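Quantities reported herein were computed from a predicted structural model and do not represent experimental measurements. Side chains included, hydrogens not; waters and symmetry mates left out as well; all remaining heavy atoms used.
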Amino acid sequence: MALTLCAATHALPAWSKEDPAAGAKLYATNCVACHGADRAGVPGAFPALTDIGKRLPPAQIKEKISKGGGLMPPFSQLSAQEIDDLASYLAK
């Protein structure tokens, strides 16, 4: 019994499928101030995120979100699922 309980408490979380709609909400909360509602950015200050999925693979988009770079702060407070959702929204 103890072995079964122990195994159950150490099970890895099952991530749900990427959710672009949830990503859109995260974008509105975390990204609009710099990149704009239309994802056009501000030339010379904040890059456009339109067609970012054509310029960067998903892994690089997720890394930039979590680690930041340049003027962009890291968004380390976001969970792996939230980063997946946000990257999915941006890549569409």
Side-chain angles (χ1 to χ4, degrees):
M1 181 73 157
L3 180 59
T4 303
L5 178 60
C6 181
T9 59
H10 289 94
L12 295 175
W15 297 109
S16 62
K17 191 173 184 178
E18 293 175 352
D19 183 355
K25 291 177 185 175
L26 289 163
Y27 182 87
T29 302
N30 296 285
C31 312
V32 165
C34 296
H35 296 284
D38 58 1
R39 298 191 273 172
V42 176
F46 305 109
L49 299 179
T50 52
D51 297 325
I52 193 73
K54 294 178 183 174
R55 294 181 275 143
L56 295 175
Q60 285 184 340
I61 295 171
K62 292 173 187 182
E63 183 175 346
K64 186 62 112 174
I65 294 167
S66 65
K67 295 183 180 178
L71 294 176
M72 183 169 158
F75 285 85
S76 54
Q77 77 278 13
L78 297 178
S79 70
Q81 182 63 57
E82 290 171 322
I83 291 171
D84 287 349
D85 292 344
L86 185 51
S88 177
Y89 168 72
L90 291 171
K92 68 176 194 149

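For the atom pair L26 CG and Q81 CD, the distance stands at 10.0 Å (nearest 0.5 Å). Between the CD atom in E63 and the CD1 atom in I83 there is a gap of 10.5 Å [rounded to 0.5 Å]. Separation of atoms CZ (R39) and CG (L90) is listed at 6.0 Å; rounding is to 0.5 Å. To the nearest 0.5 angstrom, Q77 atom CD is 8.0 Å from E82 atom CD.
A single hydrophobic cluster is seen to contain both V32 and L49, as judged by linkage of ILVMFWY side chains at heavy-atom distances under 4.5 Å, directly or through other members. Hydrophobic clustering (side-chain heavy atoms under 4.5 Å, transitive across Ile, Leu, Val, Met, Phe, Trp, Tyr) keeps L56 apart from F46.
Under the 4.5 Å side-chain criterion, counting only non-hydrogen atoms from C-beta, C31 is in contact with L86. Taking 4.5 Å as the limit, every side-chain heavy atom of N30 sits out of range of all side-chain heavy atoms of I65.
Across every non-hydrogen atom of A40 and A48, the tightest pair is O-CB, 3.3 Å. Scanning all heavy atoms of the two residues, the minimum distance from A22 to D85 falls at CB-OD2, 3.6 Å. Counting all heavy atoms, side chain and backbone alike, P47 lies closest to H35 at O-ND1, 2.8 Å. In plain terms, the two heavy atoms of K92 and P20 that are nearest each other are CD-CB, 4.4 Å. Of all heavy-atom pairs spanning I61 and A87, the tightest one is CG2-CB, 3.8 Å.
Among residues two or more places apart in sequence or in another chain, the salt bridge (charged side-chain N to carboxylate O under 4.0 Å, His left out) test is passed with K62 by E18, D84. Remark: Y27 engages Y89 in a ring-ring contact (aromatic ring centres under 6.0 Å, His included) (not counting sequence neighbours).
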